[in-house]
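All remarks here apply to the structure that follows.
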2 protein chains.
Amino acid sequence: MGRGHMARRNTNRRVGIADVAEKAGVSHATVSRVMNGNAAVDPGIAARVRAAAVELKYQPNPVGRSLALGKTDTIGIVVPDLANPTFQAILRGLSIAAAQDGYRVLIADSSEVTSEEAILAGEARRRCDGVVLCAPRMSDAELEELAPTLHPLVLINRTTIATNTPSLSVDYGQGIQELAQHLVTLGHRRLVFLSGPEHSSSNRQRLVGLDQFRKEHPEIELQMLYGGSNFDSGHDSTEAIVASGATGILAFNDLVAMGLLSGLHERGVRVPEDISVTGFDDIPFAKYTTPPLTTAAVPINELGSLAWRRMREQIQQAGEATTQAQDEFSPRVEIRKSTAAPALKPAS
Amino acid sequence: MGRGHMARRNTNRRVGIADVAEKAGVSHATVSRVMNGNAAVDPGIAARVRAAAVELKYQPNPVGRSLALGKTDTIGIVVPDLANPTFQAILRGLSIAAAQDGYRVLIADSSEVTSEEAILAGEARRRCDGVVLCAPRMSDAELEELAPTLHPLVLINRTTIATNTPSLSVDYGQGIQELAQHLVTLGHRRLVFLSGPEHSSSNRQRLVGLDQFRKEHPEIELQMLYGGSNFDSGHDSTEAIVASGATGILAFNDLVAMGLLSGLHERGVRVPEDISVTGFDDIPFAKYTTPPLTTAAVPINELGSLAWRRMREQIQQAGEATTQAQDEFSPRVEIRKSTAAPALKPAS
DNA sequence: GAATCATGAGAAAGCGTTTTCTCAGAGCGT
DNA sequence: ACGCTCTGAGAAAACGCTTTCTCATGATTC
């Protein structure tokens, strides 16, 4: 509970500037000046202050400093699902980059509950100096309304009309087309796209990319099946994939692909001999699946560290209009062993 | 910058209690009482205050509240490596459980730099209401010295002599013995343990467990090879494993096992026909490796959520001595398809 | 009608720190 | 020696909020 006129309780109270001031025989303003080096202080006085601080093991209270300075040196991030390795890697990239500038990261996981996102984002913003929205699932209209209230804000995998909100995007449409092209180049003519969550902006981009692909390759059969976004949903797609007769599979992401690889192995379907499988993202596990997974590599650590750089730019230019930075990453197709030419099957 | 007698700058300042007070024609203390419901306020006045708050879109400033209340509603966690899925899962478990009580989690990743840990822990503790140290790599002596300064503290995979520090542990020694026993039961006589990082407390427990295992099974050949703690190091162990002649492999963790599975596959060594491989932890990928991995399941989401419960107990009993809670989890061996009876090899 | 009691809202203090304002003391020039 | 200027440290205000203290007002009792 807060406190008014009551005498201060000393129980468990940590050492503050007032204690150091008393010990050194100076005012608390002087202690603050010495600790921060913000103004000239007589060297003899400064030495006394430092000795007192060391003796009392003084550490400044970050909350008091935050109130006085109007900043917290923390960044919030809202992720739709912290179980997703792509988001984990983005978090790690952001966390490491921000730490290098003395900032920490506060997590909010909406657990794919879209209605929670705006609430979590507002709350994170109030507690922090800025907020990163990672693949937000809210509608475009909601995002347009919310974005100005969150400044400084960095978006990952979404954009807004707002001219001062940096946005880091991956060209999922182009990536999925390149993966499809890879399969076609290998000779595949019957493809399936295992699509992801409906509210996922990156899924919509893949769908747009595949529409374009169909237009350019009318001779290719490209079916759509729902594959979700995790292992289990990929694994659960095994029967539908086998029934489809397709020889080339484009999974929504690496997790779906891994689940499918496992399901196909259980079913005795050989990858890539019988079916080729691709993923997306190139999470760290993708190299180590059996067989190692062909995928479109998204520089997910770089996304996190660039998100920090864009955030830092806004923080440092507080109050000034900034030129919006729209960064778009092109995924790079990483060809591994899960794709090969389709088997020549006897006519039946 | 802080500010003294200067007139308040209104630029970019968010709406505060003073603004609501002015709008409603009451004092800021009354606004605080209405927003918190802490004391009786005339219903008519309360309605005016609420209307003003809504009209001005007032949201309390968490920093001001934290200073007044002496709490931040955040928990810090220090992890040795945020790239490790076990730590990611612990973080997720902690984050979700704490969020249910209105707490957020602040991350500090020491990136396996042992000398950074104490500094990060102290800093996290000052910014937060408590701190969780996850598999800290510092020495026992350093931990004993640091622990009292971090109260309230929860330890994961370490213990201290301190009687008021809850500690959540996994009996790695027992788990590795059960895995070894599983291989022996299948008929394996030549085993290798791919050991993990030297500073890892859980690795030491496995070594102790395997010493015990050797005593109880003098007829079993059990070699030690260094296998590190990630994919690459597991993968890099492939040749040494093949050269060892062992038919049963105990990998330090699931990542090492996955890397090894991939390396063996590349080498044309069949799992489990030619070599059986086990992991540890049961990260979400373990079910989906090819073949699915036999492993010792650590309830890593439960570790995170129990860490929050222990933390919350300490926060709620502030200043009182608490009975130390030592929670120990027994790993559960999850038998999947990466282990089988050793092949009968022609004598050569 | 006066005295007493209860209640609720404003004044004030405080949480810990930063920084502006003020003033005392030292130094310099005449 | 006096006046002026400069410097540095203490006093004070502020950041935003919570809660204690104080007092005015209305109700109740005698």
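Convention: sequence-line order gives letters A, B, ...; per-chain numbering from 1. Bear in mind that the values here come from a model prediction, so they are computed numbers and not experimental data.
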Over all strands shown, is [X] touching base, sugar-phosphate only, or nothing at heavy-atom distances under 4.0 angstrom?
{"X": "A:V63", "result": "nothing"}
{"X": "B:V41", "result": "sugar-phosphate"}
{"X": "A:V26", "result": "sugar-phosphate"}
{"X": "B:A29", "result": "base"}

Problem set entry | Approximate separation, where rounding is to 0.5 Å, of B:Q326 CD and B:T160 OG1 |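 Nearest 0.5 Å value for the CD-OG1 distance: 7.5 Å.
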
For this session: Quick one: pull up CG in B:N84 and CG in B:L91 and give me the separation to the nearest 0.5 Å.
Result: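 That separation rounds to 12.0 Å.
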
Within this structure, what is the [atom1]-to-[atom2] distance between [X] and [N], rounded to whole angstrom?
{"X": "B:D73", "N": "D:dC17", "atom1": "CG", "atom2": "P", "value": "15 Å"}
{"X": "B:K71", "N": "C:dG16", "atom1": "NZ", "atom2": "P", "value": "16 Å"}
{"X": "B:D42", "N": "C:dG10", "atom1": "CG", "atom2": "P", "value": "11 Å"}
{"X": "A:H28", "N": "D:dG10", "atom1": "NE2", "atom2": "P", "value": "10 Å"}
{"X": "A:R126", "N": "D:dC17", "atom1": "CZ", "atom2": "P", "value": "11 Å"}

Exercise. B:T30 side chain N/O closer than 4.0 Å to the phosphate oxygens (OP1, OP2) of C:dG10?
Worked result: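 So the side chain of B:T30 is within the cut-off, an N or O lying under 4.0 Å from OP1 or OP2 of C:dG10.
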
For this session: Report yes if at least one side-chain N or O of A:N36 is closer than 4.0 Å to OP1 or OP2 of C:dT18; otherwise report no.
Result: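 Looking at the OP1 and OP2 atoms of C:dT18, one of them is under 4.0 Å from a side-chain N or O of A:N36.
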
For this session: Can you see which heavy atom on B:P152 is nearest to which on B:M311, and at what distance?
Result: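 Result for this residue pair: O-CE, 3.6 Å.
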
Quick check for you: among [options], whose closest atom lies nearest to any side-chain atom of [X]?
{"X": "B:I45", "options": "C:dT20, C:dA9, C:dT17", "result": "C:dA9"}
{"X": "A:R65", "options": "D:dG8, C:dT18, D:dC17", "result": "C:dT18"}
{"X": "A:S32", "options": "C:dT18, D:dC17, C:dT17", "result": "C:dT18"}

For this session: Could you pick out which residue, B:M35 or A:S27, lies toward the 5' side of DNA chain D when each is mapped onto its nearest nucleotide?
Result: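 First, find each residue's nearest nucleotide; the 5'-ward one identifies A:S27.
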
For this session: Would you check if A:Y58 and A:I17 make a side-chain contact, meaning some heavy-atom pair closer than 4.5 Å?
Result: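 SC-SC contact between A:Y58 and A:I17 confirmed.
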
Exercise. Between A:D109 and B:S95, do the side chains contain an N or O donor and an N or O acceptor separated by less than 3.5 Å?
Worked result: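 No.
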
